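If you read the sequence from its start, that first residue is 1, and numbering goes on from there. These figures come from a predicted structure and were not determined experimentally.
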Amino acid sequence: MSAIPVVTVIHDLVAGVKGPYYRLVGRYTQRYLSRAAQSANNDRQKRVLFVATAGMDEQFRTIFSVEPQGGFALTRTVLEKKLTKKQINMAFRIYLSALLILLGGGKAKVLQELNSKEAEWIQLWRSVFEYQPEDSKHFNELLLPAYQQGGVEKITAVTRQLLCETLTVGGNELVLEEEIVRKSLLQDLSAIYRTLGLKPGA
């Protein structure tokens, strides 16, 4: 799953006002795009944050579909019971944290292109996507160690597990295939590299 063009995301935000997409994903996408535009220190940082947001949007518009698409979806029953804003935003940040960690695999060249120090870039990312203490705990205690121990495969497995746990409502579990998560993360990672003019794994 590749990050869709930001212009497409904005079009869908307008078309989906007050609809299911806007309520579950679009309004948060809109907020993140606005925060990225206001907070980024240069154009490249802004574009990377936009690409990450668009990738997140595409991933979760599919997850929150009432009909299975691409191998994973929430059931209608789950949607009818309604996820809380906390659950939705936590799920977004689990995915975004995994993406940020994968981006760190080529951090020397990435940071050079972003004209940023590592601590400053991580702080900007966490600020734009409004990280809470529990999100930082997922990042530091679960996702980062998973990547350090087992690379892409391990962080994919932990990301999937956390998403399933976070988006479970009333015993209705999320149906989410690990390979779909892996493919989505890697394609969004590649989209960011292309935005920076780098080759994947640079």
Can you tell if the side chain of [X] reaches within under 4.5 Å of the side chain of [Y], non-hydrogen atoms only?
X	Y	value
S184	Y95	yes
T84	Q87	yes
F60	L24	no
I94	F139	no

Sidechain-backbone polar pair: [X] side chain, [Y] backbone, donor-acceptor under 3.5 Å:
X	Y	value
N42	L114	yes
R61	V25	no
T166	L162	yes

query: Will you find, in the side chains of Q187 and S190, an N or O donor that is under 3.5 Å from an N or O acceptor?
result: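 Per modelled atom types, Q187 and S190 side chains form no pair under 3.5 Å.
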task: Could you tell me whether the side chains of E178 and T156 share a donor-acceptor contact shorter than 3.5 Å?
output: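 Not at all, the side chains of E178 and T156 share no donor-acceptor pair under 3.5 Å.
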Nearest heavy-atom neighbours spanning [X] and [Y]:
X	Y	result
T159	I155	OG1-O, 2.7 Å
Y28	R23	CE1-O, 3.7 Å
W121	L111	CB-CD2, 3.9 Å

- request: Would you list the pairs meeting salt bridge (Lys or Arg N to Asp or Glu O under 4.0 Å) in which at least one residue belongs to residues 129-146, sequence neighbours left out?
  value: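 Those involving residues 129-146 are R31-E130, R35-E130, R93-D135.
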field: Listed once per pair and sorted, the salt bridge (Lys or Arg N to Asp or Glu O under 4.0 Å) pairs that draw on residues 146-155, sequence neighbours left out
entry: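 Listed by first then second residue: E153-R182.
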query: Which residues satisfy the side-chain contact (heavy atoms from CB on, under 4.5 Å) test with Q112, sequence neighbours excluded?
result: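 Scan of Q112 (side-chain contact (heavy atoms from CB on, under 4.5 Å), adjacent residues dropped) gives none.
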- request: State which residues pass side-chain contact (heavy atoms from CB on, under 4.5 Å) with A36; sequence neighbours excluded, sorted by chain then number.
  value: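 side-chain contact (heavy atoms from CB on, under 4.5 Å) list for A36, sorted by chain: L49, F50, V128.
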query: When you look at E120 and K117, which way does the side chain to side chain contact (heavy atoms under 4.5 Å, CB included) test go after all the steps?
result: CA-CA 5 Å; E120 293 172 348; K117 296 180 179 179; 3.8 Å; yes
- request: Flag the pair Y32 / F129 as yes when their ring centroid distance falls below 6.0 Å, and as no otherwise.
  value: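 For Y32 and F129, the ring centres are under 6.0 Å apart.
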Ring pair (Phe, Tyr, Trp, His ring centres under 6.0 Å) partners of Y147, counting only residues at least two apart: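 For Y147, no residue satisfies ring pair (Phe, Tyr, Trp, His ring centres under 6.0 Å) once neighbours in sequence are set aside.
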message: Working note: L103 + K107, criterion side chain to side chain contact (heavy atoms under 4.5 Å, CB included); need CA distance, chi angles, decisive distance, verdict.
response: CA-CA 7 Å; L103 188 61; K107 66 180 178 182; over 6 Å; no
task: Kindly write out the residues that satisfy salt bridge (Lys or Arg N to Asp or Glu O under 4.0 Å) with E165, not counting sequence neighbours, or none if the list is empty.
output: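 By the salt bridge (Lys or Arg N to Asp or Glu O under 4.0 Å) rule, E165 matches no residue at all.
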